[in-house]
Amino acid sequence: MRKFSVLLLLAIGIMPAIAQKKVNFDQSFQQKNNGKSRVEIAPVKELLHIMLAITKTGLDNDDMVNQKGTYYQDVLKHFKPFDNEPIIKTFDSLLNVSLYHYIFITGNAMTHDFAGTKLKANPNYLFPAQAVAKLTVTTNPVATYKDQIAAFARKSNFQKFYKQHQAYYKQLITEYHAGANLDRQWKWLEQNFKTRINNYLILCSPLINGLNYTTKFEDQDFTQILMVLPPLDNDPARTARQNELFNTRVMFTEIDHNYVGGPSQTYKKDIDSAFKDRLVWVNDKTDGTYAYPNPLKVFDEYMTYGVFVLYCKDQYDAASYQEARKDVITLMADRGFPNMERFVTALENVRAAAPDQKIDDLYPRLLELLKQ
């Protein structure tokens, strides 16, 4: 099976040279969404995930598509008889040009909603996915193929399938609220950083596997964080608390990039100085470390996971905190960041010395310690 490397997909926020407007957060949208978070398995997006899953490329790529479990078998049973439809062939041809078209198709699902059996343009999401890494598109594929997508939905009776699986979708959404505690994370981050986010949206699909990413939309002084994530990983070999810590870490270390990044830019020169000796902080023999080519990116990755440790210290009992701390240090070493224990210890020390300060304001003292 071919593997879909997703290390560069966080560059989804990078805009083409002549950018089109991504979103329109009008007053009505802001009133409905300010201060709120939600988890959705949206019908148009799920339809597009299903359509890509039955392309030849999707069938051959178990990293792009989660091919385990009953749901995937239900998808194959219901939709594979329609895999010769022209729109499926079109989508497959796009994936053959670049697997990043997976993002351009599913990432623009938000631009349309079902209106009966047809698709209509969404007034708030205009063209959100325009660039991934160095590849850009100037036309929205969902808008381009909306009639063919709607025709496929009608012919395959997608609405019936979606309705039949509502209980399963609701279960996955409930598990997110119970097992990852997004609102608790959000509250803690805004208490401890100066950055303010207006809204969080998680778009989930049972068919998402290795591809998950976070991006930020800003319009009319309103900021939304969008996370595209698979269902929570509830491993029966772990305890309920261990599963909660694992899933919280996966989500937390996505969203706190949005809080860590601002002060990192403010103290970039100090970060460049403290992290100038790359061999101290990065094991370049580890696969994937090339995605962190400069001191700022290296520091931000350390800080992202370090702040998660602070969160666990504040939110969990001592045993859970120590377990999470140990797991983070081990995980980071495995990923090619060998000095996580030193980093965490320094971060904990500066936090203990100034517990009432925002984490933004701890950067200078933290970087001084890390230079030593």
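We use all heavy atoms of the structure for the numbers below, so side chains are in, but hydrogens, waters and symmetry mates are not.
In this structure the side chain of Leu245 reaches within 4.5 angstrom of the side chain of Ser320, judged on heavy atoms. Proximity of Asp270 to Pro364: side-chain heavy atoms (C-beta onward) are nowhere separated by under 4.5 Å. Residues Pro230 and Ser205 have side chains not in contact (no heavy-atom distance under 4.5 Å, counting atoms from C-beta outward). Ile202 is listed as a side-chain neighbour of Leu182, based on a closest heavy-atom distance under 4.5 Å. Looking at heavy atoms from C-beta onward, Lys297 lies in side-chain contact with Asn294 at the 4.5 angstrom threshold.
Nearest approach of Thr57 to Leu99, heavy atoms of both residues: CG2-CD2, 3.7 Å. Taking both residues in full, the closest heavy atoms of Ala180 and Thr248 are given as O-OG1, 3.7 Å, listed atom of the first, atom of the second, then distance. Minimum heavy-atom separation, Leu189 to Asp256: CD2-CB, 3.8 Å. Residues Pro128 and Gly107 come closest through the heavy atom pair CG-O, 3.5 Å.
Checked for salt-bridge contact, Lys268 and Asp272 meet the test: a charged N lies under 4.0 Å from a carboxylate O. Arg365 has a carboxylate O that lies under 4.0 Å from a charged side-chain N of Glu368, or vice versa, which qualifies the two as a salt bridge. Between Glu40 and Arg38 there is a salt bridge, since at least one side-chain N of the basic residue sits less than 4.0 Å from a carboxylate O of the acidic one. The pair Asp83-Lys89 does not meet the salt-bridge criterion, since no charged nitrogen lies less than 4.0 angstrom from a carboxylate oxygen. A salt bridge links Glu244 to Arg184: at least one charged side-chain nitrogen sits closer than 4.0 Å to a carboxylate oxygen. Electrostatic pairing of Asp26 and Lys32 does not count as a salt bridge here, judged by no charged N lying under 4.0 Å from a carboxylate O.
The ring of Tyr321 has its center no closer than 6.0 angstrom to the ring center of Tyr316. Between Phe152 and Phe158, the ring center distance fails the sub-6.0 Å criterion. Here the two rings, on Tyr292 and Phe337, have centers that are under 6.0 Å apart. Residues Trp281 and Tyr302 bring their aromatic ring centres within 6.0 Å.
The salt bridge (charged side-chain N to carboxylate O under 4.0 Å, His left out) test with Glu85 is passed by exactly one of Lys155, Arg154, Lys80: Lys155. Residue Tyr125 forms a side chain to side chain contact (heavy atoms under 4.5 Å, CB included) with just one option from Leu226, Val142, Val23, and that option is Val23.
No donor-acceptor pair closer than 3.5 Å links the side chain of Asn198 to the backbone N or O of Asn33. Side-chain atoms of Gln130 come within 3.5 Å of backbone N or O of Gln20 as a donor-acceptor pair. Judged by distance alone, the side chain of Thr55 and the main-chain N or O of Leu52 form a donor-acceptor pair under 3.5 Å. Under a 3.5 Å cut-off, the side chain of Asp360 and the backbone N or O of Lys194 do form a donor-acceptor pair. Looking only at distances, no side-chain donor or acceptor of Gln357 sits under 3.5 Å from a matching main-chain atom of Asn192. Using modelled atom types, no side-chain atom of Asp62 and backbone atom of Gln67 make a donor-acceptor pair closer than 3.5 Å. Between the side chain of Asn34 and the backbone N or O of Gln30 there is no donor-acceptor pair closer than 3.5 Å. The closest donor-acceptor contact from the side chain of His101 to the backbone of Val97 lies at 3.5 Å or more, if one exists at all. Looking at Arg278, its side chain never comes within 3.5 Å of a backbone N or O of Pro295 through a donor-acceptor pair.
For the ring pair (Phe, Tyr, Trp, His ring centres under 6.0 Å) test, no residue two or more places apart in sequence or in another chain qualifies with Tyr176. For Phe299, the ring pair (Phe, Tyr, Trp, His ring centres under 6.0 Å) partners are Phe275, Phe343, Tyr363, not counting sequence neighbours.
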Solution key, residues 108-117 side-chain donor-acceptor pairs under 3.5 Å, sequence neighbours excluded:
residue : atom : partner : partner atom : Å
Asn108  : OD1  : Ala129  : N            : 3.0
Asn108  : ND2  : Phe104  : O            : 2.8
Asn108  : ND2  : Ala129  : O            : 3.0
Thr111  : OG1  : Asn108  : O            : 2.6
Thr111  : OG1  : Asn140  : ND2          : 3.0
Asp113  : OD2  : Asn122  : ND2          : 2.9

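To the nearest 0.5 Å, atoms CZ (Phe193) and OH (Tyr259) are separated by 9.0 Å. Within the model, atoms NZ of Lys358 and OG1 of Thr195 stand 10.5 Å from one another, a figure rounded to the nearest 0.5 Å. Atom NZ of residue Lys187 and atom CD of residue Gln315 lie 9.0 Å apart, to the nearest 0.5 angstrom. Note that CD1 of Ile54 and CD1 of Ile88 are 4.0 Å apart. Values are rounded to the nearest 0.5 Å. One distance of note links CG of Asp60 with CG of Leu95; it measures 11.5 Å at 0.5 Å rounding. Between atom CE of residue Met227 and atom CG of residue Asn258 there is a gap of 8.5 Å, rounded to the nearest 0.5 Å.
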Would you please test Glu323 and Gln242 for side-chain hydrogen bond (donor to acceptor under 3.5 Å, both in side chains) and show each step? CA-CA 9 Å; Glu323 181 178 357; Gln242 287 171 334; 2.9 Å; yes
List the steps, then state whether side-chain hydrogen bond (donor to acceptor under 3.5 Å, both in side chains) holds for Asp300 with His257. CA-CA 8 Å; Asp300 277 358; His257 278 287; 5.8 Å; no
Dump the intermediate steps for side-chain hydrogen bond (donor to acceptor under 3.5 Å, both in side chains) on Asn124 and Asn24, then the final yes or no. CA-CA 5 Å; Asn124 303 117; Asn24 172 36; 5.7 Å; no
Give the intermediate values and the outcome of side-chain hydrogen bond (donor to acceptor under 3.5 Å, both in side chains) for residues Asp219 and Gln224. CA-CA 9 Å; Asp219 183 57; Gln224 179 187 72; over 6 Å; no
Just do the salt bridge (Lys or Arg N to Asp or Glu O under 4.0 Å) check on Glu348 and Arg325 with the steps written out, would you? CA-CA 11 Å; Glu348 289 172 331; Arg325 188 182 192 276; 3.1 Å; yes
Hey, mind stepping through His78 and Tyr162 against ring-ring contact (aromatic ring centres under 6.0 Å, His included) and telling me if it holds? CA-CA 11 Å; His78 188 106; Tyr162 186 78; over 10 Å; no
Please assess Arg351 against Asp314 for the test salt bridge (Lys or Arg N to Asp or Glu O under 4.0 Å), listing each intermediate value before the final yes or no. CA-CA 11 Å; Arg351 178 73 184 284; Asp314 285 354; 3.3 Å; yes
Trace of the salt bridge (Lys or Arg N to Asp or Glu O under 4.0 Å) decision for Asp183 with Lys36: CA-CA 8 Å; Asp183 287 343; Lys36 298 177 182 177; over 6 Å; no
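Side-chain polar atoms of Glu175 and Gln171 form a donor-acceptor pair below 3.5 angstrom. A donor-acceptor pair shorter than 3.5 Å cannot be found between the side chains of Arg335 and Thr330.
Judged by the 6.0 Å distance and 45° axis criteria, Arg238 is positioned over the aromatic ring of Phe246.
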